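The structure appears below as structure tokens.
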There are 2 protein chains.
Amino acid sequence: MEHQNDTRSRILTTGRRLTAQQGYTGVGLSTLLKEAGIPKGSFYHYFASKEAYGCALLSEFMTEYSHRLNASLAHPDMNARSRLLTYFEGWREKQLSPHLEDRCLVVKLSAEVADLSENMSNILQKGVSDIVAHLTKTIEQGQNEGTIASIENPQTLAEMIYHMWLGASLVASISHSAAALNSAMDATKVLVPAP
Amino acid sequence: MEHQNDTRSRILTTGRRLTAQQGYTGVGLSTLLKEAGIPKGSFYHYFASKEAYGCALLSEFMTEYSHRLNASLAHPDMNARSRLLTYFEGWREKQLSPHLEDRCLVVKLSAEVADLSENMSNILQKGVSDIVAHLTKTIEQGQNEGTIASIENPQTLAEMIYHMWLGASLVASISHSAAALNSAMDATKVLVPAP
DNA sequence: AGGCTCCATTAGACCGGTCGTCTATGGATG
DNA sequence: CATCCATAGACGACCGGTCTAATGGAGCCT
């Protein structure tokens, strides 16, 4: 009862690494399983189809992400504005990291998956809503505690900043450069001004 | 000398339509050529490889896009701010259009291509720089002619807005909804305020 | 006009990979 | 020893990008 979860999560972990580099369609079952050192027969014991595996991959990623986000945005020793900026610093670092598996799957897979799998799209979409909701809440807190100026509706602001970071990550990835992410970081500081 | 270009551009046109839906890896040569009604053997007469075809596809798209952008941002009967807003209205419409082939290939392909083909990445990246440069120039004009308030550096503002639209397009595509794009439209009006 | 060359174009073979299925075997548990 | 979850990996049918060998028609020479 332990072993089976080992195998399953080994597939998922390896899958995340490969998928973060080569995309969903780009990673075939053979490649994935060979890399994970798991025989093909096992795959269909744990997953009903490649799409089901894709959904599991995304679900797990979004769950973990949400936990880390929660922790990061709930840090007790910082004010809301600092917590927000720290989160985005973390985003930048991850996106530039040599560990490809750290990169955000929303950035990597959204476009590919949108017209491919309704189920996978839904998972991504729900994850995105969650993230934006968290950001909105933090901005609200900042406005209430007075570390963020109330010049804008928190929800609108959160969406805007999140969208900007997604786009900046896209541009950073095609230009193999940190410039777009640095520019997003600067913009974020301006958009979320200290009073 | 005519026929060969016919065939070539037929491949490219069909390719754009299919790729806008299914991505680069997602469209195989057989599918593409069958759809275009062109025999498989011909492909390598017109393109050295699938990557070369991908580059041609992207180059052509970016060139056309740049032309339309130029026209749109140079419209004589509007002030700079209106031209800018009209461009983004156009973006929204295209992204929501039932004609899938109208959708922006920067949105669709950036993530997929970034770790796949250096050449294709470069074409996208150059295209993006061009677009941002155009937007920057228009914002500058607006600030000079007094239709856009000078509260921000034009270049920074242009990047920020463009990134936001890329991200919003991504979110719109996974949620199969116009909400993210509408939100981006609203945000754009706020970010580029009339004085 | 007839023959010939040349080269753009194409047919289709090629090999390796794709996803998914299925049977046969392990090995632990009761 | 019987049961059953988990593993093993062969297999099918099909699709991936690439390349070589053949076709056919336009243009030139005699």
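Scope of the values below: all heavy atoms of this structure, side chains included, with no hydrogens, waters or symmetry mates. These numbers were taken from a predicted model, which means no experiment stands behind them. So you know, we letter chains A, B, ... as the sequences are listed, proteins then strands, and number each from 1.
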Counting side-chain heavy atoms from C-beta on, which of [options] comes nearest to [X]?
X       : options               : value
B/Pro39 : D/dT7, C/dT10, C/dA13 : C/dT10
B/Lys40 : C/dG12, D/dA10, D/dT7 : C/dG12
A/His45 : C/dT9, D/dT7, D/dG17  : D/dT7
B/Ser30 : D/dG17, D/dG16, D/dT7 : D/dG16

Whether [X] contacts [N] is assessed here as follows: a side-chain N or O lying under 4.0 Å from the phosphate OP1 or OP2. Is that the case?
X       : N      : value
B/Ser42 : C/dA8  : no
A/Tyr44 : C/dC22 : no
B/Thr31 : D/dG16 : yes

Nearest-angstrom distance from the residue atom [atom1] of [X] to [atom2] of [N]:
X       : N      : atom1 : atom2 : value
A/Gln22 : D/dG16 : CD    : P     : 18 Å
B/Leu29 : C/dC15 : CG    : C1'   : 16 Å
A/Glu51 : C/dG20 : CD    : P     : 9 Å
A/Phe43 : D/dC5  : CZ    : C1'   : 18 Å
B/Phe47 : D/dC19 : CZ    : P     : 16 Å
B/Lys34 : D/dC15 : NZ    : P     : 7 Å
B/Leu33 : D/dC15 : CG    : P     : 14 Å

Inset, instruction - Looking at every strand, decide which applies to A/Lys50 at a 4.0 Å heavy-atom threshold: base, sugar-phosphate, or nothing. - result: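 Result for A/Lys50 = sugar-phosphate.
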Legend entry - Sugar-phosphate, base or nothing in reach of A/Gly41, heavy atoms under 4.0 Å: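 A/Gly41: base contact, heavy atoms under 4.0 Å.
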Hey, is [X] close enough to [Y] for a salt bridge, meaning N to O under 4.0 Å?
X        : Y        : result
B/Arg16  : B/Asp102 : no
A/Asp115 : B/Arg103 : yes
B/Glu112 : A/Lys108 : no
A/Glu140 : A/Lys137 : no

Inset, instruction - Output, in order, the C-alpha distance, side-chain angles, deciding distance and verdict of side-chain hydrogen bond (donor to acceptor under 3.5 Å, both in side chains) for B/Glu159 and A/Ser183. - result: CA-CA 8 Å; B/Glu159 283 177 8; A/Ser183 154; 2.7 Å; yes
